[in-house]
K.L.:
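Provided herewith is a single structure, encoded as C-alpha cells, for subsequent inquiry.
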Amino acid sequence: MSSNLTKQLLSAVLSLLLVIGTTPLEARAQQTGSTGYSGQGVPLSPEELQQLVAPIALYQDSLVAQILGAATFPDQIAAAASWLQQNSYLHGATLMQAVDATPWDPSVKALTQFPSVLANLATNLSWTSSLGEAYHTQGADVMSAVQFLRAKALAAGNLKSGTQLTVVQQSPQVIVIQPANPQVVYVPLYNPMIVYGYPYVTPAYVAPPVAATAVVAFGVGIAVGAMMSSSCCAWGYSSWNCGWHGTTTVVYHGGAYYGNSAWHGGYYGSSASAYGAYGSAHASSGYNPSTGTYARGATVSNGYGSQSVGQAYNPKTGAYGTTEQGSNANGSWGSSTVSKNGNTAYSQHQTTSQGTTGSVQTSNGGKAVGASGQYNSAAAGQTANGNKYATANGNTYSNTGSGWSQESGTSNTSQKSGSSYSGQSASSYSGASNNSQKSGSSYNSEASKGWGGQEKSSGSSAFSGSSDGGWGSRSSSARGSASRGGGGGWGGGGRR
C-alpha cells in the first residue's frame, strides 16, 4: 500500500469515527439549539461573555462565525496551526485542496485561509476552549455579547465603514460588519482595552502586538474570491455568516450551526474498525471527564507495515499533543508535537538496521540531534539560553560562551581546542543533546509541565495513553465499553 493511500485511509477512518461518534448528538443539537447551558460549569455572566468575545467582536460576520464554530474544536485548531506551519510552502488552490483532504471540521478548514487568526487561536488555547464552550452552551448569549460590544465601539466612534469594512446598523440591536470588497477580507487589529471605550480584559488571552490607540487597523488583505468560486471547498468563507435575526447563532450553508456536539458531559468514547484483503484499519476517540482530556487515534496495517496517528488535548491546561508513527521491514520512524500555552516542541526519529537518528526543536530556541550505530554515536545541541553541547564516541564537550571544552572522556587536545567540535560543527547539528535536560532545556521542562502538571484520572476514561500526567486511565468508559483501536501512543486507545 502506497504512502498516499495509507494517509488517505487514515483520514477516511478518522472521518468515519467522527461521523459515528457525533451524529446522534449533533442531530439533537440541531433540534434543541444551544441556548440553555448544559456544560459542567456555571453559566457565564453577560460581563464575562463580553470579556471573552472582546478580541473578535469587531471582526466581519463570516469570520466571527468561523471562529465561534472552530473554537468548539480546540484540538483541531492546534493540529491545523501546526500543520499550516509545516506546510507553509502551500498556497492558493494547492493549499485549499490539501486542507480539504484533512478530517477537520469545516470551520477549522475555513480558518486555514486566515493564518494569523488560526495562529492566535492556537497560541491562546485556554481562551479558545472557553470561547468554544461558551458558544456551545450559551450560544445566543455569546452572540448578544458580540452585538453589545459592537454598539459600544460604534458609540465611542471607533467602529465605522472604510475601505476595508462596511458597517451597517440594521436595528438598535443589530450591527452587521462585512468586507467593503467581497473578494478581499482584511482582518481587524485593535486593542480591546481601548476600542470599546471601556477596558475589557480577557482572561487567559495574550493579544498580538497592537497600537495603544483606539484606531482599528488591518492586516494584509486575504483574497477569498478564488475560495468562493472553488468547486473543491464548500467550507469557504462565503459559506459562513451570523444569524442576527430570529435564531441568534452561527449560520453555515444557510442553516444554524452549533459546533462540536461532543463537548463536556455527553460524550465518552467510540471506535470503528475496518478489515479487507489488503489490511485493516482501527480508530477510536474519547473524552475523560475526570481530567478534561479529549483524545483520538487511528492505525492502519497491511502486509508492508503499519502506521498510526493520534491526538490529545486538555482544555483545562491548554496542553496538546499529536504523533505519527510507522514501521515496516526496513525499520521504524515517527514524529511528535507537544504544545502548551504557545510553547511547542517538535521531535522526529528513525531507526534502521544501520542505527538510530533523532532530533528535537522547541519554539523558544532549544534544539538537539543525535545518532547511534553499531560502532559509534554522536549528539549535539543548543539549549534555549545558547549553551552548546556535543558528545562523540564517549567524549563530552560543552560551550557555554567561552569556547569548547571537554567535560568527560578520553583527553584530546584538538577536540578541547574546538578544531573538531567548532561552533559551525555544533550549529550544523542544530540541537541539544540529552545534556540540554541537565541545563534546563525548555523542551524537557515544558514537556514535563505540559503533560505532567495535570491531575491523574481516578475515574473512567474512554481512551488510553501515557499513565503519567493525566492522559492515562485505561479503564472502561462510563458508557460501559472500552475504546478500541490504534492510538499512535496518544490516545484513541488500546484496550485493557
Side-chain angles (χ1 to χ4, degrees), residues 35 37 41-68 70-71 114 116-117 120-121 123-180 185-219 242-245 248-250 318 341-342:
T35 56
Y37 188 81
V42 178
L44 299 180
S45 68
E47 292 76 17
E48 290 172 324
L49 290 173
Q50 291 159 21
Q51 292 176 330
L52 198 58
V53 303
I56 65 166
L58 303 187
Y59 285 13
Q60 296 88 333
D61 287 3
S62 295
L63 193 51
V64 169
Q66 293 173 20
I67 291 172
L68 292 178
F114 302 92
S116 65
V117 176
N120 188 43
L121 292 171
T123 299
N124 294 282
L125 276 177
S126 181
W127 164 74
T128 300
S129 177
S130 297
L131 181 65
E133 183 166 11
Y135 175 68
H136 179 75
T137 56
Q138 295 176 263
D141 296 334
V142 168
M143 305 295 281
S144 296
V146 170
Q147 285 295 338
F148 178 87
L149 291 180
R150 288 182 174 183
K152 296 275 285 185
L154 187 67
N158 299 324
L159 179 60
K160 60 189 70 175
S161 296
T163 57
Q164 292 89 7
L165 291 180
T166 297
V167 180
V168 177
Q169 185 161 10
Q170 296 182 343
S171 72
Q173 293 77 34
V174 176
I175 298 173
V176 173
I177 303 177
Q178 301 289 355
V185 176
Y186 293 88
V187 178
L189 303 173
Y190 58 88
N191 191 334
M193 290 283 291
I194 302 175
V195 74
Y196 299 111
Y198 179 85
Y200 283 97
V201 178
T202 303
Y205 179 79
V206 178
V210 293
T213 69
V215 175
V216 177
F218 299 91
C242 291
W244 300 122
H245 306 280
T248 308
T249 185
V250 168
N341 297 332

K.L.:
What verdict does the side chain to side chain contact (heavy atoms under 4.5 Å, CB included) test give for I67 and V117, after you've listed the backbone C-alpha separation in whole Å, the side-chain angles of each residue and the deciding distance to 0.1 Å?
P.N.:
CA-CA 8 Å; I67 291 172; V117 176; 3.7 Å; yes

K.L.:
Examine distances only and state if a side-chain atom of W127 and a backbone atom of L52 form a donor-acceptor pair shorter than 3.5 Å.
P.N.:
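Answer holds: yes.
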
K.L.:
Atom CD in E48, atom CG in D141: separation rounded to 0.5 Å?
P.N.:
11.5 Å

K.L.:
Applying side chain to side chain contact (heavy atoms under 4.5 Å, CB included) between I175 and each of V146, L149, L154, report the one that passes.
P.N.:
L154

K.L.:
For the pair L68 and M143, evaluate side chain to side chain contact (heavy atoms under 4.5 Å, CB included) and give the outcome as yes or no after the intermediate values.
P.N.:
CA-CA 10 Å; L68 292 178; M143 305 295 281; 3.6 Å; yes

K.L.:
For the backbone of A140 and the side chain of S144, can you confirm whether one donor and one acceptor N or O come within less than 3.5 Å of each other?
P.N.:
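Yes, the answer is positive, given that a donor and an acceptor are paired below the 3.5 Å cut-off.
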
K.L.:
Hey, which of N124, V53, T202 is the one that makes side chain to side chain contact (heavy atoms under 4.5 Å, CB included) with L131?
P.N.:
V53

K.L.:
Should F218 and T163 count as side-chain neighbours, where that means a heavy-atom distance under 4.5 Å?
P.N.:
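Sidechains of T163 and F218: no contact.
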
K.L.:
Does some side-chain heavy atom of T123 sit less than 4.5 Å from a side-chain heavy atom of V206?
P.N.:
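In short, these two side chains do not touch, never coming nearer than 4.5 Å.
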
K.L.:
In Å, rounded to the nearest 0.5 Å, how long is the span from CD of Q50 to CZ of F148?
P.N.:
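Rounded to the nearest 0.5 Å, the CD-CZ separation comes to 4.5 Å.
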
K.L.:
Under the criterion side chain to side chain contact (heavy atoms under 4.5 Å, CB included), I'd like the reasoning laid out for V64 against I177: C-alpha separation, chi angles, the key distance, then a yes or no.
P.N.:
CA-CA 10 Å; V64 169; I177 303 177; over 6 Å; no

K.L.:
E133 and T137: which non-hydrogen atoms are nearest, and at how many Å?
P.N.:
O-OG1, 2.7 Å

K.L.:
Enter the distance from Y198:OH to K152:NZ here, rounded to the nearest 0.5 Å.
P.N.:
8.0 Å

K.L.:
Does the side chain to side chain contact (heavy atoms under 4.5 Å, CB included) test come out yes or no for R150 and L58, once each step is laid out?
P.N.:
CA-CA 6 Å; R150 288 182 174 183; L58 303 187; 4.0 Å; yes

K.L.:
Does N158 reach the side chain of Y196, with side-chain heavy atoms less than 4.5 Å apart?
P.N.:
no

K.L.:
Could you give the distance from CG (L125) to OG (S130), rounded to the nearest 0.5 Å?
P.N.:
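So the gap between those two atoms works out to 10.5 Å.
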
K.L.:
Taking only residues two or more places apart in sequence or in another chain, which ones pass side-chain hydrogen bond (donor to acceptor under 3.5 Å, both in side chains) with Y186?
P.N.:
none

K.L.:
Roughly how far, to the nearest 0.5 Å, is the OH atom of Y59 from the OH atom of Y190?
P.N.:
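So the OH of Y190 and the OH of Y59 are separated by 6.0 Å.
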
K.L.:
Kindly give the heavy-atom pair with the smallest separation between Y200 and M193, and that separation in Å.
P.N.:
O-SD, 3.5 Å

K.L.:
Could you list the residues that satisfy side-chain hydrogen bond (donor to acceptor under 3.5 Å, both in side chains) with Y205, not counting sequence neighbours?
P.N.:
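Y205: side-chain hydrogen bond (donor to acceptor under 3.5 Å, both in side chains) contacts with N120.
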
K.L.:
Can you list the residues that meet the side-chain hydrogen bond (donor to acceptor under 3.5 Å, both in side chains) rule with Q60, with sequence neighbours excluded?
P.N.:
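So Q60 forms no side-chain hydrogen bond (donor to acceptor under 3.5 Å, both in side chains) with any residue.
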
K.L.:
Just verifying a value: how many Å separate S45 OG and Q51 CD, rounded to the nearest 0.5 Å?
P.N.:
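Answer rounded to 0.5 Å: 7.5 Å.
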
K.L.:
Taking all atoms of both residues into account, what is the closest heavy-atom pair of C242 and D61, and its distance?
P.N.:
SG-O, 3.2 Å

